[in-house]
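Data block below; observations after.
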Amino acid sequence: MIFRQLFEASSSTFTYLLACEEQGIAALIDPVLETVGRDLDVIRELGLTLNYTIDTHVHADHLTSATKLKALTDCKIVYPKQADLPCADLHIEEGKVFNIGSIALHPLFTPGHTDHHYSYLLDQGVQKRVFTGDALLIDACGRTDFQSGDAGQLFDSIQTKLFSLPGETLVYPAHDYSGRHVSSIAQEMARNPRLGNDIPKEEFVQIMNSLDLPYPRKIDFAVPGNEACGICPPNVPDYLRSPCDIHDQG
Ligand SMILES: [Fe+2]
């Protein structure tokens, strides 16, 4: 298997490349519109074909490059079933393994940041990785105060679906804002300041409800754009529009 962790700096988003070497098939988890050219270069350099884009949820902080990558590579757009997006070609569902060539991705329904959010478990025996999207971050978690967020639901998702994984499972989040790259389930259970150390649910909900975070900068165009699988809506500000042109990169 080929694995790459890629980073988009303006939204601090991690995109993950997973590829089956034997079949030359690749997937990108949470690809970002601004980095289409970079992501395609990596795929080309590795001699791979992009078969899938897989989003963990409808993002509010960046536009997905799913539609642009589909236009450029003919890949399939994959979204959680509960997101119910007509633009998706395939729908992820818990209990149904998603195969990328010989790689088996196990979808875990982890709502709370949004009501349709998924994490993806890659279990290769001694090496386990979970892509936690905006559910579980390193020493943090996704916010629950917009879209369809629900702090109590996020607590339940993390406790039952993620903290039940083996402690050595590596945690790869969709974002990090402090230059960190990876954590583990054991580390988050021990020291995550919002969720670790057996914090009671009521305390977590109170923490989340009192964060008083700023209004997300891109949410007004990112959510409608991502509900269309990454087609730029008319309200994208001019200074952010250049990645919207289908021909400008790739
Ligand atoms: Fe998000």
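Note that ligands are numbered from 1 as they come in the structure, with each ligand's atoms numbered from 1 the same way.
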Let's go through Glu34 and Lys218 carefully: what are the C-alpha distance in whole Å and the side-chain angles of both, what is the deciding distance for salt bridge (charged side-chain N to carboxylate O under 4.0 Å, His left out) to 0.1 Å, and is it a yes or a no?
CA-CA 13 Å; Glu34 278 82 349; Lys218 297 184 177 178; 3.7 Å; yes
Which pairs of donor and acceptor atoms, one on a side chain in residues 195-209, lie under 3.5 Å apart (sequence neighbours left out)?
residue: Lys201; atom: NZ; partner: Asp156; partner atom: OD1; Å: 3.1
residue: Lys201; atom: NZ; partner: Asp156; partner atom: OD2; Å: 2.9
residue: Asn209; atom: ND2; partner: Val205; partner atom: O; Å: 3.3

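- Distances from the Fe ion (ligand 1) under 2.8 Å pick out these protein N/O/S atoms: His57 NE2, His113 NE2, Asp134 OD2.
- Geometrically, Arg4 does not engage Tyr16 in a cation-pi contact, judged by NZ or CZ lying under 6.0 Å from the ring centre and within 45° of the ring axis.
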Pair up each side-chain donor or acceptor in residues 163-172 with any protein partner under 3.5 Å, not counting sequence neighbours, and list the distances.
residue: Ser164; atom: OG; partner: Thr160; partner atom: O; Å: 2.6
residue: Thr169; atom: OG1; partner: Pro166; partner atom: O; Å: 2.7

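- Applying the disulfide bond (SG atoms under 2.5 Å apart) test to Cys229 and every residue at least two apart in sequence or in another chain returns Cys87.
- Salt-bridge check for Lys70 with Asp89: passed, with a basic side-chain N closer than 4.0 Å to an acidic carboxylate O.
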